[in-house]
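Indexing begins at 1, ligand by ligand and atom by atom, following the structure's order. All values below were derived from every heavy atom in this structure, side-chain atoms included, with hydrogens, water molecules and symmetry-related copies excluded.
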Amino acid sequence: MAEQQFSPGLAGVVAGKSEVGLVNGTDGILLYRGYRVEDLAEHCTFEEVAHLLLVGKLPNAAELAAFDAELKARRALPEGILDILRALPKTTHPMAALQAATAALSGFYPALDAGDRKASWEAILRLTAGMPTIVAAFHRIRQGLPVVAPDTSLTAAADFLTMLNGERPTEKAARLFDVCLVLHAEHGFNASTFTGRVVGSSLADIYASMSAAVGSLSGPLHGGANEEVLVQLKTIPSAAEAPAWLDHMIETKQKIMGLGHRVYKVKDPRAGILQRMASDLFSTQGSTPLYDIAHAIEKHAAVRLGPKGIWPNVDFYSGLVYEKLGIEVDLFTPLFAISRVSGWAAHWLEQLEDNRIYRPTQKYIGKTDAHYVDISER
Ligand code: COA
């Protein structure tokens with residue numbers, strides 16, 4: 001047999017073809033269906049970007065209004081989903097609650113054949129519109145607060161913050177959050193998107209595929225990193241001590257959360273946008289020691305880790321922005337998920353257009369000469 005190729009983490013392996021998004025890690029370029037993420041973040045709402053990813057084109061005004069109305073009609077959750085969220089221990093991580101509720105949604109609607117495009121589209125709308133409601137509802141429930149029903153007069157971003165906090169956000173906060181949703185919507189064949197495609201490739205339905213993607217996103221090397229960034233930053237007493245902290249982390253071979261990326265070997269373009277947003281937010285609403293510490297880390301990391309191609313990624317500044325918006329740390333990854341579901345679903349649809357079940361091979365390194373011994377003699 002020919003020598004099998006093995007690439008840990010599938011690094012460099014082409015595992016599929018896609019028209020959804022392009023991540024150019026050498027030049028720091030991210031495209032959603034050909035559009036630069038910087039342009040989309042500046043000019044578009046999340047609803048427009050979700051349409052772009054899912055339908056394949058930026059909508060005109062009439063298309064956007066129709067798509068938005070379809071989503072708004074699906075923001076409310078079945079009462080049974082709220083009951084499931086109420087049944088969970090209050091200490092449940094919101095990602096676990098989101099994963100459970102996403103899978104459970106399938107039970108509230110007619111059984112879904114993954115090949116039925118119309119029914120799957122309906123389910124995709126339901127997930128895109130409903131996942132934010134799940135996250136907000138669970139957050140209220142775990143605090144012992146009443147669930148806030150969706151308000152369809154609001155944009156997805158403003159409604160989410162209203163359902164979460166029980167009060168309307170300022171226009172500025174809603175737009176900032178909207179931009180965060182745009183920035184997290186798509187990122188090529190990352191672990192969670194790939195997970196969604198792998199699950200979809202077995203013709204599992206969209207609920208099973210999206211809940212699996214949520215599980216993949218929850219890990220600290222993927223979406224969970226944005227929580228870990230703040231946890232780490234909070235252990236550094238001051239900006240003056242940041243360089244010594246970083247040196248110690250490097251010397252003891254520990255990872256600095258929010259730095260490094262499998263694909264980007266330059267600064268993640270999303271980190272640049274978030275950094276500018278953070279800088280604006282902190283300059284108008286007052287800086288915090290944490291922001292100053294992050295800044296000091298980035299500066300020193302450019303010298304120590306930059307030459308190795310390790311630069312800030314999207315998670316480095318997103319947590320700081322979310323915290324300034326008053327969002328709790330363990331909600332950061334769910335916020336990522338409620339945006340990324342649009343990218344996941346776009347990939348899922350693409351996978352099914354030309355599907356072949358994923359079944360890679362392995363390099364077997366186990367025994368080949370084990371002999372059976374009766375249980376009484378082992
Ligand atoms: N801090 C310190 N060193 C880092 C680092 C970080 N954040 N990220 C990578 N490195 C180092 C590794 O220790 C390794 O060093 P070595 O060659 O001396 O062993 C080298 O850079 C290559 O790292 P590796 O983990 O093999 O890269 P990867 O492509 O497999 O992993 C990540 C990419 C994202 C998993 C990794 O950079 C990481 O763990 N970052 C922190 C978590 C994070 O922010 N994740 C969010 C990604 S959007």
*Below 4.0 angstrom from a heavy atom of Leu221, which ligand 1 atoms are there? Numbered from 1 as shown, please.*
39 (O), 45 (N), 46 (C), 47 (C)

*Carboxylate-amine/guanidinium contact Arg33 Glu186, below 4.0 Å*: no

*What atoms of ligand 1 come closer than 4.0 angstrom to any heavy atom of Gln254?*
2 (C)

*Who pairs with His347 by ring-ring contact (aromatic ring centres under 6.0 Å, His included), at least two apart in sequence or on another chain?*
Phe189

_Among all the protein's heavy atoms, is there at least one whose distance to atom 39 (O) of ligand 1 comes out below 4.0 Å?_
yes

*asked:* At less than 4.0 angstrom from any non-hydrogen atom of Ala225, what atoms of ligand 1 do you find?
replied: 43 (C), 44 (O), 45 (N), 46 (C)

*Tyr207 vs Tyr109 aromatic rings, parallel, tilted or perpendicular, using cut-offs 30° and 60°?*
parallel

*Quick one: look up the protein heavy atom nearest atom 42 (C) of ligand 1 and list residue, atom name and how far away it is.*
Met257 SD, 3.5 Å

*Look at atom 31 (O) of ligand 1 and say whether a protein heavy atom is found at less than 4.0 angstrom from it.*
no

*Quick one: CG on Leu85 to CD1 on Ile141, what's the gap to the nearest 0.5 Å?*
5.0 Å

*Salt-bridge criterion met for Arg168 and Asp151 (N-O under 4.0 Å)*: yes

*Indicate whether atom 23 (O) of ligand 1 is within a distance of less than 4.0 angstrom of some protein heavy atom.*
no

*Hey, is Lys57 close enough to Glu63 for a salt bridge, meaning N to O under 4.0 Å?*
yes

*For Gly258, the ligand 1 atoms whose distance to one of its heavy atoms is below 4.0 Å*: 43 (C), 44 (O)

_Per atom 48 (S) of ligand 1, closest listed option by heavy atom (Lys255, His261, Lys253)_ = His261

*Protein heavy atom under 4.0 Å of atom 7 (N) of ligand 1*: yes

*asked:* Among Ile124, Leu217, Ile206, Thr128, which residue satisfies the side chain to side chain contact (heavy atoms under 4.5 Å, CB included) criterion with Trp344?
replied: Leu217

_Please find the pair of heavy atoms, one from Ala123 and one from Leu112, that lie closest to each other, and give the distance._
CB-CD2, 3.8 Å

*Looking only at protein heavy atoms, which one is nearest to atom 18 (O) of ligand 1, and how far off is it?*
Lys308 NZ, 3.3 Å

*Going by the order shown, which atoms of ligand 1 are within less than 4.0 Å of some heavy atom of Ile310?*
4 (C), 9 (C), 10 (N), 11 (C), 21 (O)

*Can you tell me which residue and heavy atom of the protein come closest to atom 29 (O) of ligand 1, and the distance to 0.1 Å?*
Arg262 NE, 2.8 Å

*For atom 47 (C) of ligand 1, closest protein heavy-atom neighbour*: Asn313 ND2, 3.7 Å

*Looking at atom 41 (C) of ligand 1, what's its closest protein heavy atom, distance included?*
Leu259 O, 3.4 Å

_Minimum heavy-atom distance between Ala114 and Ala204, given as atom pair plus value_ = CB-O, 3.8 Å

*Can you tell me the protein heavy atom closest to atom 34 (C) of ligand 1 and the distance?*
Gly260 O, 3.7 Å

*asked:* Give the atom numbers and elements of ligand 1 that come within less than 4.0 Å of a heavy atom of Asp315.
replied: 46 (C), 48 (S)

*asked:* Side chain or backbone, does Ile256 bring an N or O within less than 3.5 Å of an N or O on ligand 1?
replied: yes

*asked:* Angle between ring planes, Phe282 versus Tyr291, binned at 30° and 60°: parallel, tilted or perpendicular?
replied: parallel

*What residues, two or more places apart in sequence or in another chain, satisfy side-chain contact (heavy atoms from CB on, under 4.5 Å) together with Ala103?*
Ser211

